[in-house]
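Remarks on the structure that follows.
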Amino acid sequence: MLDMKFIRENFEIVDQRLRTRGGSSYLEGFRELDEKRRTLMQANELLKAERNRVSDEIAKVKDKSLVQQQILDMRAMSQKIKEQDEELKQLDEELQGFLLTVPNLPDPTTPLGASENDNVQVRAWGEPRQLNFAAKPHWEIGESLGILDFERAAKLTGARFVIYRGAGARLERALINFMLDLHTGEHGYEELLPPFMVNRESMTGTGQLPKFEEDLFKLTDPEFFLIPTAEVPVTNMHRSEILKRGDLPISYTAYTPCFRREAGSYGKDTRGLIRQHQFNKVELVKFVHPSESAAELEKLTGNAEKVLQLLELPYRVMALCSGDIGFSAAKTYDLEVWLPGQSCFREISSCSSFGDFQARRASIRFREDDKAKPEFVHTINGSGLAVGRTLVAILENYQQSDGSVVIPQALRPYMGGLERISC
RNA sequence: GGAGAGAUGGCCGAGUAGGUCGAAGGCGCUCGCCUGCUAAGCGAGUAUACUGGGAAACCGGUAUCGAGGGUUCGAAUCCCUCUCUCUCCGCCA
């Protein structure tokens, strides 16, 4: 959420920067609504001040029969105040609802552009493997090795689900452990295992709601939402808290399954593991001091890259352009891994800084020192990595001409020493 | 699922026959004094949001004692609903 006062005082600049996301103005109607609210509010508070003053006077008088007239006057005034309160509440809700649907300001370092075609490659690591045989896509490899079963998963649940079997299930589990061990052991993150369902407030705190409800799986009675990413429970952990300066930066890593409706993506990536309704992810989340936010994004991105490097999977780092960054993000780096089976780079991690956008929504603050007023922290998060897509990358990059798949060196300890998956 | 207890400021904790309570007291913290170190002592200060004025320092208003409604001229205090926490019983991985 953007600061209402900031929008008011910098309207043109804010409007202009938001427009770099594409589409028309996001601030239509803001000024009128804001003006209306403040005008009413001033009138209303004037009445309340008067009521408080007279009520104090009444309190001082022992014999209430002497102040019958004032009591009657105040009765009428209270009625008026009540009506205004009602009207004001509506305006507040309207304004709040409005602000919740305004996306974050793109960071000045976010490249300008209209679509993913305008994203900028920042760096690349590793040489895309040249296989001396016809590379197969991962779903063919997975099915022929008997480690991925899409058909039976469709029977159990439906399209966009999978059953991992045998070495495949173990490989997924090995990746999760490998990533968590790396981030906790080498990169200084604290491991969390949060709830996989959260309430509406949490979804609003990180920006999924109110705008993107159709992307979520929702439970009723009680109303919970299945998390689309661990970012939601982990970021909301410190919702409505005031942290100490010395606590920052806070770094958490968490494995969770992620649940996404993938509404509007019908026809896209229908085959294989790339786009599932349920997938596993190890997430990295940081709460940082505003002055450290840029550096911490670089660090977190590097932490995610490290996973790919240790697995020896070639990738490139893309800076997303203003038209392609997410609703809550100010700046985003995507890590794209090379997939020989499909001859393309695919997103395997998305690392974003949010400035104080999420912190303001979720009211996550800190004090510079014990004397200082609370300020909003900055939040940063990224996948470290999407586990299913990592498995895809391994299958496609490590496939052999005989149909088997070699296990990357770094994972073998997690696979009980297994060096190769074959039929 | 059944029975009971509770939710107050950064923390602990008073306050329930409605008004002088944004809220005692303590701790913590900040500034100053004092003490040749440390500890102790003394004095002052120390919530947040919105909003009006001001370049700013700052000054004023309103709201907030789990959340939302109600009663009242006036509610932390009374009534209703909800959420959460704790204890006991049942059930359960």
Side-chain angles (χ1 to χ4, degrees), chain A residues 1-11 30-100 193-205 209 219-225 233 236-248 250 287 356-357 359-377:
Chain A
M1 185 160 65
L2 299 180
D3 181 18
M4 187 165 57
K5 266 183 280 189
F6 185 78
I7 300 178
R8 186 186 302 144
E9 286 160 17
N10 303 278
F11 189 85
F30 168 79
R31 284 204 269 211
E32 294 74 11
L33 192 55
D34 178 53
E35 184 61 37
K36 202 170 158 191
R37 169 176 167 272
R38 282 188 299 153
T39 305
L40 181 62
M41 193 163 161
Q42 283 165 39
N44 182 250
E45 291 188 352
L46 224 54
L47 287 186
K48 283 182 174 173
E50 174 68 3
R51 181 178 68 182
N52 287 343
R53 194 183 62 73
V54 176
S55 284
D56 278 351
E57 280 177 13
I58 294 173
K60 288 183 191 128
V61 178
K62 292 258 164 40
D63 181 356
K64 300 300 183 209
S65 65
L66 295 175
V67 290
Q68 271 313 305
Q69 190 53 48
Q70 276 97 318
I71 289 180
L72 287 177
D73 289 349
M74 287 308 105
R75 190 175 295 174
M77 188 178 277
S78 272
Q79 190 54 39
K80 175 78 179 163
I81 288 172
K82 207 168 169 182
E83 285 162 19
Q84 287 186 344
D85 275 345
E86 195 58 39
E87 201 179 333
L88 205 52
K89 193 179 149 200
Q90 298 230 308
L91 284 175
D92 269 337
E93 276 167 11
E94 212 175 314
L95 190 62
Q96 202 63 17
F98 176 88
L99 288 173
L100 286 175
L193 186 57
F196 302 158
M197 307 174 210
V198 298
N199 57 30
R200 179 169 287 275
E201 291 69 45
S202 295
M203 283 295 183
T204 306
L209 290 178
L219 306 175
T220 48
D221 195 28
E223 183 188 71
F224 290 143
F225 296 88
N236 278 281
M237 213 169 77
H238 293 298
R239 173 148 52 85
S240 303
E241 289 185 13
I242 298 174
L243 305 167
K244 293 194 177 66
R245 175 67 179 95
D247 295 339
L248 305 179
I250 296 174
F287 300 82
D356 62 8
F357 187 84
R360 177 172 288 107
R361 281 178 165 244
S363 190
I364 307 168
R365 297 175 292 177
F366 75 99
R367 284 185 210 277
E368 188 65 49
D369 57 66
D370 291 310
K371 191 87 175 168
K373 286 176 84 74
E375 297 173 59
F376 291 112
V377 303

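Note that the coordinates shown come from a computational prediction; the quantities given were computed from them, not determined experimentally. We name chains A, B, ... by the order of the sequence lines, and we start the count at 1 in each one.
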For A:Asp73 and A:Val54, what are the C-alpha separation, side-chain angles and deciding distance, and is it a side chain to side chain contact (heavy atoms under 4.5 Å, CB included)? CA-CA 10 Å; A:Asp73 289 349; A:Val54 176; over 6 Å; no
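One interatomic measurement links the two molecules: CD of A:Glu93 to P of B:G68, which rounds to 11 Å at whole-angstrom precision. Spacing between atom CG of A:Asn199 and atom P of B:A67 amounts to 16 Å, rounded to whole angstrom units. Here B:A49 presents its P atom at 12 Å from CE of A:Met1, a figure rounded to the nearest Å. Following rounding to the nearest Å, A:Glu241 (CD) and B:G9 (C1') show an atom-to-atom distance of 16 Å. Whole-Å rounding puts the A:Asn44 CG to B:G52 C1' distance at 14 Å. Per the geometry, CG belonging to A:Leu40 stands 15 Å off P belonging to B:A63, to the nearest Å. Atom CG in A:Asp73 sits about 10 Å away from atom C1' in B:C73, given to the nearest Å. Spacing between atom CD1 of A:Ile242 and atom C1' of B:G9 amounts to 10 Å, rounded to whole angstrom units.
Spacing between B:A14 and B:A7 at atom P, rounded to whole Å, works out to 9 Å. Comparing B:C33 with B:G18, their P atoms are spaced 49 Å from each other, to the whole Å. With P as the reference atom, B:G60 and B:U81 are 42 Å apart, rounded to whole Å. A distance of about 27 Å separates the C1' atoms of B:A57 and B:U64, rounded to the whole Å. B:C65 sits 15 Å from B:U20 when the P atoms are compared, rounded to a whole Å. Rounded to whole Å, the separation between the P atoms of B:G43 and B:C34 comes to 15 Å. Comparing the P positions of B:U83 and B:C91 gives an interatomic distance of 25 Å, to the nearest angstrom. Straight-line distance between the P atoms of B:C80 and B:G28: roughly 41 Å, to the nearest whole Å.
Across every non-hydrogen atom of A:Leu219 and A:Met197, the tightest pair is CD1-SD, 3.5 Å. Taking every heavy atom of both residues into account, A:Gly205 and A:Asn236 meet most closely at CA-OD1, 3.9 Å. Residues A:Leu2 and A:Leu99 come closest through the heavy atom pair O-CD2, 4.5 Å. In terms of heavy-atom proximity, A:Gln84 sits nearest to A:Leu40 at O-CD2, 4.1 Å.
Taking CG of A:Asp34 as the start and CD of A:Glu94 as the end, the distance is 12.0 Å to the nearest 0.5 Å. Atom OG1 of A:Thr204 and atom CD of A:Gln96 lie 10.5 Å apart (nearest 0.5 Å). Between the CZ atom of A:Phe357 and the CG atom of A:Asp3 there is a distance of 12.0 Å, given to the nearest 0.5 Å. One distance of note links CZ of A:Arg361 with CG of A:Leu209; it measures 8.5 Å at 0.5 Å rounding.
For A:Asn52, a side-chain nitrogen or oxygen approaches OP1 or OP2 of B:A63 to under 4.0 Å. A sub-4.0 Å separation between OP1 or OP2 of B:U62 and a side-chain N or O of A:Arg37 is absent. Residue A:Lys89 has a polar side-chain atom (N or O) positioned under 4.0 Å from OP1 or OP2 of B:G69. For the pair A:Lys373 and B:U46, the criterion of a side-chain N or O lying under 4.0 Å from OP1 or OP2 is not met.
Nearest-nucleotide mapping onto RNA chain B: of A:Gln70 and A:Arg365, the residue sitting toward the 5' end is A:Arg365. When each of A:Ile71 and A:Gln42 is assigned the nucleotide of RNA chain B with its nearest heavy atom, A:Gln42 is the one assigned upstream, toward the 5' end.
The partner of B:U46 is B:G28, judged by Watson-Crick or G-U wobble contacts that both fall below 3.5 Å. Across all strands shown, B:A76 has no partner, as no Watson-Crick or G-U wobble contact with both distances under 3.5 Å is found. Under the Watson-Crick or G-U wobble criterion, with both distances below 3.5 Å, B:U85 is paired with B:A5. The nucleotide B:U35 finds no pairing partner, because no Watson-Crick or G-U wobble arrangement with both distances shorter than 3.5 Å includes it. Look at B:C65: it lacks any Watson-Crick or wobble partner with both distances under 3.5 angstrom. Across all strands shown, B:A56 forms no Watson-Crick or G-U wobble pair with both distances under 3.5 Å. When Watson-Crick and G-U wobble pairs are counted only if both distances are under 3.5 Å, B:U71 pairs with no nucleotide at all. Searching all strands for a Watson-Crick or G-U wobble partner of B:C21 with both distances below 3.5 Å returns nothing.
In summary, A:Glu57 and A:Lys60 do not engage in a salt bridge, as defined by a charged side-chain N under 4.0 Å from a carboxylate O.
Here the side chain of A:Arg38 is nearest to one of B:G52, B:U62, B:A47, namely B:G52.
Taking a 4.0 Å limit (strictly below) on heavy-atom distances, residues 74-87 of chain A reaches RNA chain B at A:Met74, A:Arg75, A:Ser78, A:Lys82. Residues of residues 3-11 of chain A that place a heavy atom closer than 4.0 Å to RNA chain B, in numerical order, are A:Met4, A:Lys5, A:Arg8.
Ring geometry for A:Phe11 versus A:Phe30: interplanar angle under 30°, hence parallel rather than tilted (30 to 60°).
At a threshold of 4.5 Å between non-hydrogen side-chain atoms, the residues A:Arg8 and A:Lys5 count as touching.
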